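Input: a single structure, listed below in structure tokens.
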Amino acid sequence: MRTATLGPAQRAESLAGMAERELDVLVVGAGVVGAGTALDAVTRGLSTGLVEARDWASGTSSRSSKLIHGGLRYLEMLDFALVREALKERGLLLERLAPHLVKPVPFLYPLQHAVWERLYAGSGVALYDVMSMARGHGRGLPLHRHLTRRHALRVAPCLKKDALVGALQYYDAQVDDARFVAVLVRTAASYGAKVANRARVTGFLREGERVVGATVRDVESGAEYQVRAKQIVNATGVWTDDTQAMVGERGQFHVRASKGVHLVVPRDRINSTTGLILRTEKSVLFVIPWGRHWIIGTTDTDWDLDKAHPAASSADIDYLLQHVNSVLAVPLGRDDVEGVYAGLRPLLAGESDATSKLSREHTVAHPAPGLVVVAGGKYTTYRVMAKDAVDEAVHGLDMRVADCVTEDVPLLGAEGYRAMWNARARIAAEAGLHVVRVEHLLNRYGTAAQEVLDLIAGDPSLGAPLPGADDYLRAEVVYAASHEGARHLDDVLTRRTRISIETFDRGTRSAREAAQLMAPVLGWDKGQVEREVAHYEKRVEAERESQRQPDDLTADAARLGAPDIVPL
């Protein structure tokens with residue numbers, strides 16, 4: 001497979017190429033489902049385009065709990081089909097498709113009742129393991145185990161002694177969600193898909209009742225392109241209804257947004273060797289290991305305000321702190337919170353008034369000839385959603401099309417990853433880096449880490465850590481702009497890296513140097529560097545202000561105080 005480089009030149013070529021000749025499939029929206037759909041379509045031999053109004057994964061797909069999981073709580077809802085499907089996908093990602101990005105993570109479930117709860121919860125977790133193994137994709141994870149209170153407190157000394165009578169420990173998996181999407185997009189491009197971010201669909205082209213293409217505006221230059229396609233797939237998540245409105249057709253279903261807020265705290269604030277899963281009155285709360293940090297989440301509340309930048313309010317933060325502190329021997333305070341992020345789940349509307357009870361199943365529809373809509377679902381099952389969307393699109397193509405092959409298509413960086421991991425000490429010695437740095441690169445880029453190391457070989461100064469964000473190398477900023485389609489400073493600090501949520505200053509100390517590293521790749525002058533830094537600082541301040549507000553309305557108003565588009 002040829003490695004795709006998504007720099008400025010490639011983006012311009014993709015936009016021009018999409019407008020040059022009719023595509024078989026145009027995918028609108030580059031979250032995890034849209035990116036997966038593009039990969040599915042192109043690997044069936046279809047000429048494929050992918051456009052995204054902002055950045056890859058800039059919506060829901062960069063703001064999840066970062067878990068790849070079967071959905072243990074869906075067993076309680078007796079949704080066995082969804083859990084079975086998700087467990088299969090978890091296994092494929094861990095073992096075959098993305099072992100460099102998807103990693104096992106342990107969770108401890110504290111028990112409050114000695115007998116009935118151990119039996120009830122234990123039966124559920126046992127079934128979870130059995131369902132995973134039955135699909136032949138669960139062998140990469142340890143089986144669950146029952147722990148006494150003493151043993152549980154050795155594993156998680158952070159817990160109050162009276163918060164549990166014993167515990168269960170089981171395994172799921174986690175992923176850097178935004179990085180995963182960027183890799184999906186690059187993988188699709190490697191197989192020949194034409195991809196462009198900051199390319200907004202402003203309308204659809206019609207011939208009679210048939211949708212035959214889309215008008216796409218380059219948000220950076222203002223140029224407009226007429227992109228014709230035999231089939232268009234609308235994979236815009238929480239924006240599904242808005243996109244449908246451009247067609248002038250009533251949707252066959254509606255998508256309702258549920259806000260999920262997460263906190264990030266330093267690893268030393270919670271003394272534990274395992275993640276935690278806690279029951280709340282509405283759902284569950286996760287405490288998830290995340291490098292040198294913990295992610296605590298999530299909330300689950302209806303949201304009908306700005307979809308681009310859902311805001312976390314002071315009440316959201318208090319809710320999460322209150323629930324996690326109910327079991328912690330040393331409680332967390334506001335000063336312990338490094339980062340806060342909020343995302344919107346796209347839930348299919350009409351099944352229940354409570355968003356936590358809305359279905360995580362997905363739906364595919366063909367509301368007009370030439371237009372397919374895919375919505376709902378969960379991150380873990382993106383590949384199944386993509387397959388179903390392309391299967392539906394194929395019905396409208398007057399040609400024989402191969403079946404889905406993505407179950408056997410490793411993502412960029414996966415092929416040879418384990419061999420490269422085994423050679424990490426030698427690679428580190430040759431590169432003049434500490435082996436921990438090479439491990440970091442391998443777990444972010446897989447075998448594509450060699451491309452980052454090549455940048456360092458050409459300019460050894462890029463092997464130094466980025467000021468204010470010691471976990472990341474300067475080379476990673478350059479690579480994000482030259483190879484991964486990053487167009488703005490926010491793309492790098494928020495999604496290509498996670499500096500915006502992993503540092504107390506939210507990335508402002510790193511902003512100037514990162515912008516200066518991006519400048520030569522993207523052709524920025526000093527004025528653009530200043531605009532990028534100023535825009536990012538305003539964004540951070542608007543987010544901080546929103547998190548001081550008491551409710552959603554005031555938080556949303558505060559967050560909208562920062563401009564959305566960086567001026568060029």
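Note that this is a predicted model, so its numbers are computed, not measured. Just so it is clear, the values below take in all heavy atoms, side chains as well, and ignore hydrogens, waters and symmetry mates.
- At a threshold of 4.5 Å between non-hydrogen side-chain atoms, the residues Leu39 and Tyr191 count as touching.
- Proximity of Arg506 to Ile501: side-chain heavy atoms (C-beta onward) are nowhere separated by under 4.5 Å.
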Worksheet item: side-chain hydrogen bond (donor to acceptor under 3.5 Å, both in side chains) between Asp300 and Ser258: does it pass, once the steps are laid out?
Response: CA-CA 6 Å; Asp300 194 346; Ser258 167; 2.4 Å; yes
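- Scanning for salt bridge (charged side-chain N to carboxylate O under 4.0 Å, His left out) contacts around Glu532 gives an empty result, with sequence neighbours left out.
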Check your understanding: Is there a side-chain hydrogen bond (donor to acceptor under 3.5 Å, both in side chains) between Glu451 and Tyr445 once you walk through the steps?
Key -> CA-CA 9 Å; Glu451 296 175 342; Tyr445 307 96; over 6 Å; no
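- Using a cut-off of 4.0 Å between Lys/Arg side-chain N and Asp/Glu carboxylate O, Arg487 and Asp55 are scored as not salt-bridged.
- A donor-acceptor pair is defined here as one N or O able to donate and one able to accept, closer than 3.5 Å; such a pair exists between the side chain of Arg496 and the backbone of Glu484.
- For Arg559, the salt bridge (charged side-chain N to carboxylate O under 4.0 Å, His left out) criterion is met by Glu543, not counting sequence neighbours.
- The side-chain hydrogen bond (donor to acceptor under 3.5 Å, both in side chains) check on Thr202 picks up nothing, with sequence neighbours excluded.
- Side-chain N or O atoms of Ser221 include one that pairs as donor or acceptor with a backbone N or O of Ala223 at under 3.5 Å.
- With rounding to the nearest 0.5 angstrom, the CG atom of Leu411 is 10.5 Å from the CZ atom of Arg383.
- Across Leu94, Leu67, Ile68, Val183, a single residue satisfies side-chain contact (heavy atoms from CB on, under 4.5 Å) together with Val175, and that is Ile68.
- Note: Tyr341 and His262 have parallel aromatic rings, judged against thresholds of 30 and 60 degrees for the angle between ring planes.
- For the pair Glu52 (side chain) and Ala30 (backbone), a donor-acceptor distance under 3.5 Å is present.
- Salt-bridge formation is not detected for the pair Asp556/Lys307: no Lys NZ or Arg NE/NH1/NH2 atom is positioned less than 4.0 Å from an Asp or Glu carboxylate oxygen.
- For the atom pair CZ of Arg512 and CG of Leu517, the computed distance is 12.5 Å after rounding to the nearest 0.5 Å.
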Could you walk me through whether Val478 and Arg474 pass the side chain to side chain contact (heavy atoms under 4.5 Å, CB included) check? CA-CA 7 Å; Val478 176; Arg474 297 172 80 244; over 6 Å; no
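- We find the CG-CD distance between Asn197 and Glu220 to be 7.5 Å, quoted to the nearest 0.5 Å.
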- Take Val566 and Tyr536, measure what side chain to side chain contact (heavy atoms under 4.5 Å, CB included) needs, and give me the verdict at the end. CA-CA 9 Å; Val566 184; Tyr536 185 77; over 6 Å; no
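- Although no hydrogens or angles enter the test, the distance criterion places a donor-acceptor pair under 3.5 Å between the side chain of Thr381 and the main chain of Lys378.
- Between atom CG of residue Leu46 and atom CG of residue Leu397 there is a gap of 6.0 Å, rounded to the nearest 0.5 Å.
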For side chain to side chain contact (heavy atoms under 4.5 Å, CB included), just list the numbers for Leu466 and Ile499, CA-CA rounded to whole Å, side-chain angles, deciding distance to a tenth of an Å, and then say yes or no.
-> CA-CA 10 Å; Leu466 186 67; Ile499 294 170; 3.7 Å; yes
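- In this structure, OG1 in Thr298 is found 10.5 Å from NZ in Lys66, a value given to the nearest 0.5 Å.
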Next item on the list: Would you check, one step at a time, whether the test side-chain hydrogen bond (donor to acceptor under 3.5 Å, both in side chains) holds for Ser62 with Arg495?
Entry: CA-CA 7 Å; Ser62 61; Arg495 285 172 292 279; 4.9 Å; no
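- The backbone N or O of Glu407 sits less than 3.5 Å from a side-chain atom of Arg96, completing a donor-acceptor pair.
- Side chain to side chain, Glu439 and Asn443 fail the donor-acceptor criterion of an N or O pair below 3.5 Å.
- Remark: the backbone N or O of Ser510 is not paired with any side-chain donor or acceptor of Glu513 at under 3.5 angstrom.
- Between Val372 and Ile232 the shortest side-chain heavy-atom distance does not fall below 4.5 Å.
- Between Lys230 and Asp398 there is no salt bridge, since no side-chain N of the basic residue sits under 4.0 Å from a carboxylate O of the acidic one.
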**Request:** Check the pair Ser64 / Arg345 against side-chain hydrogen bond (donor to acceptor under 3.5 Å, both in side chains), numbers first and verdict last.
**Result:** CA-CA 8 Å; Ser64 73; Arg345 302 175 192 86; over 6 Å; no
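- For the pair Val33/Val374, a side-chain contact is recorded, criterion being any heavy-atom separation below 4.5 Å from C-beta on.
- More than 12 heavy-atom neighbours from other residues, nucleotides or ligands sit within 6.0 angstrom of CG on Asp408.
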Which donor-acceptor pairs under 3.5 Å do the side chains of residues 384-393 make with protein atoms, sequence neighbours left out?
residue : atom : partner : partner atom : Å
Lys387  : NZ   : Asp391  : OD2          : 2.9
Asp388  : OD2  : His362  : NE2          : 2.7
Asp391  : OD1  : Arg44   : NH1          : 2.9
Asp391  : OD1  : Arg44   : NH2          : 2.8
Glu392  : OE2  : His366  : ND1          : 3.1

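- For Arg256 and Asp302, the salt-bridge test passes: some basic side-chain N is under 4.0 Å from an acidic carboxylate O.
- For the pair Thr363 (side chain) and Ala375 (backbone), a donor-acceptor distance under 3.5 Å is absent.
- Contact check for Pro8 versus Leu522: side-chain heavy atoms found under the 4.5 Å cut-off.
- Put simply, the side chain of Met518 does not reach to within 4.5 Å of the side chain of Val529, judged on heavy atoms.
- With hydrogens and angles disregarded, no donor-acceptor distance shorter than 3.5 Å links the side chain of His100 to the backbone of Ala448.
- Within the 4.5 Å cutoff, the side chain of Glu476 has heavy atoms near those of the His440 side chain.
- Atom CZ of Arg54 is separated from atom CG of Asp491 by 10.0 Å, given to the nearest 0.5 angstrom.
- More than 12 heavy atoms of other residues, nucleotides or ligands sit less than 6.0 Å from atom CD of Glu22.
- For the salt bridge (charged side-chain N to carboxylate O under 4.0 Å, His left out) test, residues two or more places apart in sequence or in another chain that qualify with Asp172 are Arg90.
- Considering only heavy atoms from C-beta on, Leu6 comes within 4.5 Å of Trp56 through its side chain.
- Under the ring pair (Phe, Tyr, Trp, His ring centres under 6.0 Å) criterion, the residue pairs touching residues 380-409 are Phe180-Tyr382, with sequence neighbours excluded.
- Looking only at atom types and distance, the side chain of Arg186 has no donor-acceptor partner in the side chain of Thr5 under 3.5 Å away.
- Under the 3.5 Å distance criterion, the side-chain polar atoms of Thr447 are left unmatched by any main-chain donor or acceptor of Tyr417.
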Between Gln231 and Asp24, does the side chain to side chain contact (heavy atoms under 4.5 Å, CB included) criterion hold? Intermediate values first, please. CA-CA 6 Å; Gln231 292 286 311; Asp24 291 324; over 6 Å; no
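- Between the side chain of Arg206 and the backbone N or O of Val247 there is at least one donor-acceptor pair closer than 3.5 Å.
- Between the side chains of Glu20 and Tyr225, no donor-acceptor pair of N or O atoms lies under 3.5 Å.
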